[in-house]
A.B. asks: 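Take a look at the following structure, please.
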Amino acid sequence: GQQLNQSPQSMFIQEGEDVSMNCTSSSIFNTWLWYKQDPGEGPVLLIALYKAGELTSNGRLTAQFGITRKDSFLNISASIPSDVGIYFCAGLTSGTYKYIFGTGTRLKVLA
Amino acid sequence: DAGVTQSPTHLIKTRGQQVTLRCSPKSGHDTVSWYQQALGQGPQFIFQYYEEEERQRGNFPDRFSGHQFPNYSSELNVNALLLGDSALYLCASSLNINYEQYFGPGTRLTVT
């Protein structure tokens with residue numbers, strides 16, 4: 001099925017470091033959602049973005065809606081061990097109710 | 001405030017059998033979407049229900065069908081199960097006027 005491209009695919013970082021990941025597409029989206037998923041559980045909604053250029057924060061997490069509307073970015077500052085998991089982006093185009101998810105970024109934090 | 005709940009948690013079925021999965025949306029939500037997540041992949045949209053009708057469908061065969069009840073809860077039915085149907089099935093609820101979707105814990109389906 002259709003999936004958005006996320007990079008990096010996986011990353012290992014030291015506790016306390018900042019993390020950046022992105023999600024890109026050839027299509028234009030009107031809404032971006034960012035989720036975190038732990039093994040065997042459902043994704044947890046982190047941040048929702050609705051306007052091009054919008055920058056939204058949730059604690060140590062900051063996400064941006066790309067100006068071209070074809071990409072989105074997620075930053076995590078001062079990572080901690082509980083940030084470990086898989087991060088997914090999801091995009092929604094105009095006139096549809098179908099979210100398209102990214103391939104995921106697997107984050108591992110070394111204490 | 002109850003979140004999205006799904007049942008059962010795990011299920012093992014044999015090829016050719018039929019299965020029904022259930023979902024109760026988050027309190028106050030009226031829209032339910034179903035997703036299939038294969039191991040190592042992102043969730044794939046199956047369909048969305050609103051006002052007891054299928055509003056949009058993804059690229060899934062007719063073996064996948066659903067229902068939404070007046071209390072907004074929903075069922076996903078899969079007929080003639082194939083080995084490839086083994087996956088985590090996720091339900092997400094939302095309020096029609098709001099695009100934020102909240103997921104349940106999922107049902108792990110194994111087809112042998």
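A, B, ... follow the sequence lines: proteins, then strands. Residue 1 opens every chain.
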A.B. asks: Mark yes when over 12 heavy atoms from residues, nucleotides or ligands other than Gln14(A) sit less than 6.0 Å from its CD; otherwise mark no.
C.D. replies: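 Atom CD in Gln14(A) is packed in, count exceeds 12.
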A.B. asks: For a quick test of reading the model, state the closest non-hydrogen atom pair linking Tyr99(A) to Tyr99(B) and the distance between them.
C.D. replies: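 Distance-wise, the nearest heavy atoms are OH-O, 2.7 Å.
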A.B. asks: If you define the side chain from C-beta out and look only at heavy atoms, does anything of Lys98(A) sit under 4.5 Å from Gln48(B)?
C.D. replies: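 When only atoms from C-beta onward are counted, Gln48(B) and Lys98(A) do not touch, as no gap falls below 4.5 Å.
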A.B. asks: On a heavy-atom basis, which atom in Gly42(B) and which in Phe88(A) lie closest, and how many Å separate them?
C.D. replies: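 Heavy-atom minimum between the residues: CA-CE2, 3.4 Å.
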A.B. asks: Should we count CZ of Arg15(B) as having more than 12 external heavy atoms under 6.0 Å?
C.D. replies: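 No, the 6.0 Å shell around CZ holds no more than 12 heavy atoms from other groups.
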A.B. asks: What pair of heavy atoms forms the shortest contact from Gln101(B) to Tyr97(A), and how long is it?
C.D. replies: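 Closest approach of Gln101(B) to Tyr97(A), heavy atoms only: NE2-O, 4.4 Å.
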A.B. asks: Take a 6.0 Å sphere around CZ of Arg69(A) and say whether it holds more than 12 heavy atoms from other residues, nucleotides or ligands.
C.D. replies: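 Yes, because the 6.0 Å sphere around CZ of Arg69(A) holds more than 12 heavy atoms from other groups.
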A.B. asks: Restricting to non-hydrogen atoms, name the atom on Gly42(A) and the atom on Leu90(B) that form the minimum distance, rounded to 0.1 Å.
C.D. replies: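 Smallest heavy-atom distance, with atoms named: CA-CD2, 3.8 Å.
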A.B. asks: Looking at Thr96(A), is its backbone amide N or carbonyl O close enough to the side chain of Gln56(B) to form a donor-acceptor pair, meaning the two atoms are under 3.5 Å apart?
C.D. replies: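 The answer is no, because no donor-acceptor pair under 3.5 Å joins these two groups.
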A.B. asks: Measure Glu100(B) against the heavy atoms of chain A and call it side chain, backbone, both or neither at under 4.5 Å.
C.D. replies: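 Contact with chain A involves both backbone and side-chain atoms of Glu100(B).
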A.B. asks: Just wondering, are more than 12 heavy atoms of other shown residues or ligands nearer than 6.0 Å to CG in Leu39(B)?
C.D. replies: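 Not buried by this count: 12 neighbours or fewer within 6.0 Å.
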A.B. asks: Can you establish whether the number of heavy atoms outside Phe47(B) located under 6.0 Å from its atom CZ is more than 12?
C.D. replies: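 Counting other residues, nucleotides and ligands, CZ of Phe47(B) exceeds 12 neighbours.
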A.B. asks: A quick test of your reading: do over 12 heavy atoms of other residues, nucleotides or ligands sit less than 6.0 Å from CD1 of Ile12(B)?
C.D. replies: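 Counting other residues, nucleotides and ligands, CD1 of Ile12(B) stays at 12 neighbours or fewer.
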A.B. asks: Which atoms form the tightest heavy-atom contact between Leu88(B) and Gln37(A), and what is the distance?
C.D. replies: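 That would be CD2-NE2, 4.0 Å.
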A.B. asks: Taking every non-hydrogen pair under 4.5 Å, which of Ala92(B), Pro43(B), Gly106(B) racks up the most with chain A?
C.D. replies: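 Most heavy-atom pairs under 4.5 Å with chain A: Pro43(B).
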A.B. asks: Checking Tyr35(B) against chain A: side chain, backbone, both or neither under 4.5 Å from a heavy atom?
C.D. replies: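 Contact with chain A is through the side chain of Tyr35(B) alone.
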A.B. asks: Should we say atom CD of Gln9(A) is surrounded by more than 12 heavy atoms from elsewhere, each under 6.0 Å from it?
C.D. replies: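 Open: at most 12 neighbouring heavy atoms sit under 6.0 Å from CD of Gln9(A).
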